[in-house]
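Step one of this worksheet: look at the structure below.
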4 protein chains.
Amino acid sequence: MAYSGTPILAEDLLFKPKHSIIDQSLHSRLGATTTNGDGFGIGWYGEGAEPALFKGIEPAWNDRNLRELAGEIRTPLMFAHIRASTGTPVQRSNCHPFRHERWLWMHNGAIRVFHHTKRDLMIAVDPSLFLYIEGSTDSETLFYLALTLDLTQDPFGAVARAIGLVEKVGREHGVEYPFQGTIATSNGESVWAFRYSSEGKSRSLFFSTNVATLRQLHPEVEILQSVGEETRLVVSEPLGDLPGAWNEIPESSAGVVHPGTDEMRPFQPIAP
Amino acid sequence: MAYSGTPILAEDLLFKPKHSIIDQSLHSRLGATTTNGDGFGIGWYGEGAEPALFKGIEPAWNDRNLRELAGEIRTPLMFAHIRASTGTPVQRSNCHPFRHERWLWMHNGAIRVFHHTKRDLMIAVDPSLFLYIEGSTDSETLFYLALTLDLTQDPFGAVARAIGLVEKVGREHGVEYPFQGTIATSNGESVWAFRYSSEGKSRSLFFSTNVATLRQLHPEVEILQSVGEETRLVVSEPLGDLPGAWNEIPESSAGVVHPGTDEMRPFQPIAP
Amino acid sequence: MAYSGTPILAEDLLFKPKHSIIDQSLHSRLGATTTNGDGFGIGWYGEGAEPALFKGIEPAWNDRNLRELAGEIRTPLMFAHIRASTGTPVQRSNCHPFRHERWLWMHNGAIRVFHHTKRDLMIAVDPSLFLYIEGSTDSETLFYLALTLDLTQDPFGAVARAIGLVEKVGREHGVEYPFQGTIATSNGESVWAFRYSSEGKSRSLFFSTNVATLRQLHPEVEILQSVGEETRLVVSEPLGDLPGAWNEIPESSAGVVHPGTDEMRPFQPIAP
Amino acid sequence: MAYSGTPILAEDLLFKPKHSIIDQSLHSRLGATTTNGDGFGIGWYGEGAEPALFKGIEPAWNDRNLRELAGEIRTPLMFAHIRASTGTPVQRSNCHPFRHERWLWMHNGAIRVFHHTKRDLMIAVDPSLFLYIEGSTDSETLFYLALTLDLTQDPFGAVARAIGLVEKVGREHGVEYPFQGTIATSNGESVWAFRYSSEGKSRSLFFSTNVATLRQLHPEVEILQSVGEETRLVVSEPLGDLPGAWNEIPESSAGVVHPGTDEMRPFQPIAP
């Protein structure tokens, strides 16, 4: 889940929605696994120059610290992630979101047979960035590939090139569909989101309808009066059942949420 | 799950069965909750005078230490438990099984509104035993009540008196059905199991058919040749689908597995 | 450590001082134990009606979440505690500070042979409060005894009565010196601190000199210009070596830090 | 600590000696750091084809599971390690000993500025082994370099070549003294130990005097009667003060403990 907009208490995002991400950690309706109990993380832009991270290796639904902090963190831009491990260890350094300077990154999906392509992909990371890799996941390696391939200047292009490289290396190792997943990344001002899989059957991704439209549809929903027009949520699963509130991001698409008009466009990997 | 019989590697019990307890921690079919990710524990009789305990606060399916140890622990009598918290914190001292000297205890169920009856129940624990209570669960308090009420000499009677006291105190606090659950306890030689609830709708409990009968039913199942005739399993959910292998323990019943003929009998609480 | 004054970032208190509490967790100079690696906790008054808590069971020096959060928490009143267990388990519910509604409580010391006096002391807790006890420490029991004995209306008196009860019960169990330690408690506006031990040899406790005096003594220290005159620290060990900055609270004393003139007075337990 | 000899209960090694490794975790006398509270691990040869591992991320002195298991594990060959992190995260995959098939490996020391040489060193690991690296430590990378350079066939040579490579890469990055430390590795039959540092000032390493000699020196020490003549301990710090029991392994030396006569020899890295 990525939130961008009017500064809001984290608990309003994490705990209060009917089908919140914490509830999803126990009972996912659309995810590949029904239980996402292999760690969690949140990242948010606050006091410091870099975003802050809070991560845990126990299930999110059990973490009392998370519940406490959610009542204290007020932020205009937050990422939240619950993890179902695809094999790599459940440890803090493998929990999303990942951070590099001002950037946050999270990924819901997999690089297929990463076990075998990992070495080739890690060698492709710029040596000056390599030393910042802390964990052992495919998702973090993909982040550093995107950073190597110019994420900070050209996010759409960098992710396309990174996934293009993953597909090339994967196919060299005989993998038919090397990549699948959704990605969100931010520099603290904009949020970019991607939905793509080599086989054309990606996990779900939704964005919230703009607030002005929602207000017209649902004049009775109070919270819509108090958040600003720029407010937007990008989520793997809708957080509630409000009709008209959620729009699916189509297969092979990418978008950006930022001040001004948000944008959606087709997405294809760029082969190296 | 309680195992008693031919010494066996823990992994043969915990990881190898088709519908093992570890698998149940993610996908329970009969339990009150589908996910039991709030800690786990095993207790077994081995080298020492007292049984040994290994407990964890993360989901059992994630614990690499458990997987390692299961390949090294060989024991004739083991308890294993996966926890879905009913509100008390997820911490080691709240994980089952509980131990006092030679005795192990585990409980799958609840003392209703324990929050309110806890003080009265704890005061009823013998002062010489009170100091050994380490955690904050209803289940551990029930264990110490049973110990107070002569568990080591008269297990059937002590549990009946302990639940009788729970029902009396609960009703004084206006609780209609104060107790529900299944219990297993052992002194290292025998295993006693109980199924009871104040409302007559307890959680499921099964015991395995005796090995001689199973061999006749299933001459093709190899493992049945290698375990001794005394071997018996007591479980909340069957570990596999072998026809004739599992027998449900009836509502309001208790049984004992021990050298010689096992025994089953009706169970009713004894009011104080 | 207790801080009260100008809102400040937690990291300025927890990590930046030369001899910070995090550094003390590895290398205590005055404490009973040189290593305080058995969990930690912070409590602070922020967004909510109740103070927030963040606690961990690993050593404070290792906790990356603590480091992250310290850069985001800005508060006018914070408690921080590092624990060296006197025997009770290292688990979240045993970490200080403890909270009840608006009140925080922490204790550095011990009720002697609590193992044996625990039952008597717990029975003395008001039944309406008993159900909020979550852990198994002497310190939390003492907090609930103080709450039972009117902490919210008369802090000095309630602590005196609570320690008086501890001494009475301890002596009934043959303990010569039943209590020793320092205590800090707050309702979000004032901080009360106590130094007392039955044998008259309590652990150390210091308070910071008032800011106006410090400014005169050290015009060169910049941070003294930016904090308000009401700012005050109460600590077990001085956080630095600034001459004139720290004053030891005498044996058998108690004080209160609050808006207006702070106060110090002799302290003696009140027998029940 | 590495033990090889008569099968023994782990607690006799880990907890009973006067200056045991658990005690060393709180109060090291000879180590670089006085507190080794950043995780621990034990590895032992038991029931399975591969050695078993038990690791924890909390301080060893707090781990109740370790205490329980130590009373149940009986083994002829065990490694135990307590960690003081040199910067990499405290997580299970970074705790020693490391395992690959039948081999165990532990290291007490550091590859200097590993942060900067890591990429070059990881690329030197054989691609067929690369995928087994789970953590982010210098020590694990060194293990996989040694495996790449023929550890299983020529342990003395492989470690010499691995450290030779570390020194070459380190010097290319401007590091004067790239390596320091002691290493122990085993295939379940023999234990190889190394003491070396680029600057000639390695951490301490000791081996126990052979049992026959110790019996003559100390006919009064009972345990010496019950362990076999092949029994040998290799430790960073002596576990007790028995005169004549401990011999320091000289700077730049390596040795092997195995059935038959043990052996010690000078050690020098082999440049690639």
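Convention: sequence-line order gives letters A, B, ...; per-chain numbering from 1.
- Taking NE2 of A:His115 as the start and CZ of D:Phe130 as the end, the distance is 11.0 Å to the nearest 0.5 Å.
- A:Leu131 has its side chain out of reach of D:Lys118: every pair of non-hydrogen atoms, C-beta onward, lies at least 4.5 Å apart.
- Looking only at side-chain heavy atoms (C-beta outward), D:Gln91 and A:Ser93 come within less than 4.5 Å of each other.
- Residue-environment remark: CZ (A:Phe15) exceeds the threshold of 12 foreign heavy atoms within 6.0 Å.
- Among the residues in residues 41-48 of chain D, none has a non-hydrogen atom closer than 4.5 angstrom to a non-hydrogen atom of chain A.
- For residues 169-185 of chain D, an interface with chain A (any heavy-atom pair closer than 4.5 Å) does not exist.
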(request) Dump the intermediate steps for side-chain contact (heavy atoms from CB on, under 4.5 Å) on A:Ile123 and D:Arg119, then the final yes or no. (result) CA-CA 8 Å; A:Ile123 290 173; D:Arg119 188 173 178 272; 3.8 Å; yes
